[in-house]
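Worksheet: the structure to be examined is printed underneath.
We number each residue from 1, following the sequence as shown.
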Amino acid sequence: LVVRATPIERNGARIGWVLALHVESLGEDDVDTPLLFHGIWTADPVMKRALHVVTRAARRDATVLVRGETGTGKELMARAVHALSPRAKGPFAAINCAALPGSLLESELFGHVRGAFTGAVRDQPGFFRTASGGTLFLRASSIAAGKSTDRLGAPFAYGMPILSAA
């Protein structure tokens, strides 16, 4: 497996990586040997190499985009990245962005104060704050890592890499 890593930078700051993967010829020792990797069973040599890349990527404090068809295990992959990362002792929070209307999604991600809308009976910090120090997994999203403004106060830099699935 050949991996090419290209940094993604915004305003001179590194905000993530693009990983380009190219599979070379498969070795004989990889064929038909099952592997259990953080809840993922596989005997496929290409998948085993992809899991090796996941292991290496998890060591970095970077935003990750996990892509795949419905039902291919994107959240399992995100949980594996979290478990192998330096932030493994922090929280893992997952939210399905596509399942929520925009106004509710904003409230779930960034939080709200009591009385902000009907039914807001207490302050809610939002996923960006509650997952700080851990990993936030956004399903079906297009949110980029960096800085944001929450509904409880001033702008803040959220303290975790974002795992996103498209």
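- Residues His52 and Lys48 are not in side-chain contact: their nearest non-hydrogen atoms beyond the backbone lie 4.5 Å or more apart.
- Contact annotation: the side chain of Leu76 never approaches that of His38 to less than 4.5 Å [non-hydrogen atoms, C-beta and beyond].
- Annotation: side chain of Lys74 is in contact with side chain of Thr72 (closest heavy-atom distance under 4.5 Å).
- In this structure, the side chains of Val64 and Val66 come closer than 4.5 Å at one or more pairs of heavy atoms.
- Interatomic distance, CG of Leu35 versus CH2 of Trp41, reported as 8.0 Å (0.5 Å rounding).
- Leu136 contributes atom CG, which lies 13.5 Å from atom CZ of Arg129 (distance to the nearest 0.5 angstrom).
- For the atom pair CZ of Phe37 and OG1 of Thr55, the computed distance is 3.5 Å after rounding to the nearest 0.5 Å.
- Shortest non-hydrogen contact noted between Ala58 and Pro86 is O-CD, 3.5 Å.
- Ser85 places a side-chain N or O within 3.5 Å of a backbone atom of His82 that can act as its donor or acceptor partner.
- Between Arg59 and Leu84, every side-chain heavy-atom pair lies at or beyond the 4.5 Å cut-off.
- At a threshold of 4.5 Å between non-hydrogen side-chain atoms, the residues Cys97 and Ile95 count as touching.
- Atoms OG1 and CG, on Thr42 and Leu36 in that order, are 10.5 Å from each other to the nearest 0.5 Å.
- The side-chain heavy atoms of Arg122 and Val113, taken from C-beta on, include no pair separated by under 4.5 Å.
- In this structure, the side chain of Thr135 does not engage the main chain of Ala131 through any donor-acceptor pair within 3.5 Å.
- To the nearest 0.5 Å, atoms CG (Leu105) and OG (Ser107) are separated by 9.0 Å.
- A side-chain donor-acceptor contact under 3.5 Å links Asp123 to the backbone of Arg114.
- Note that CZ of Phe127 and CG of Leu109 are 7.5 Å apart. Values are rounded to the nearest 0.5 Å.
- The two residues Phe92 and Arg79 come nearest to each other via the heavy atoms CD2-NH1, 3.2 Å.
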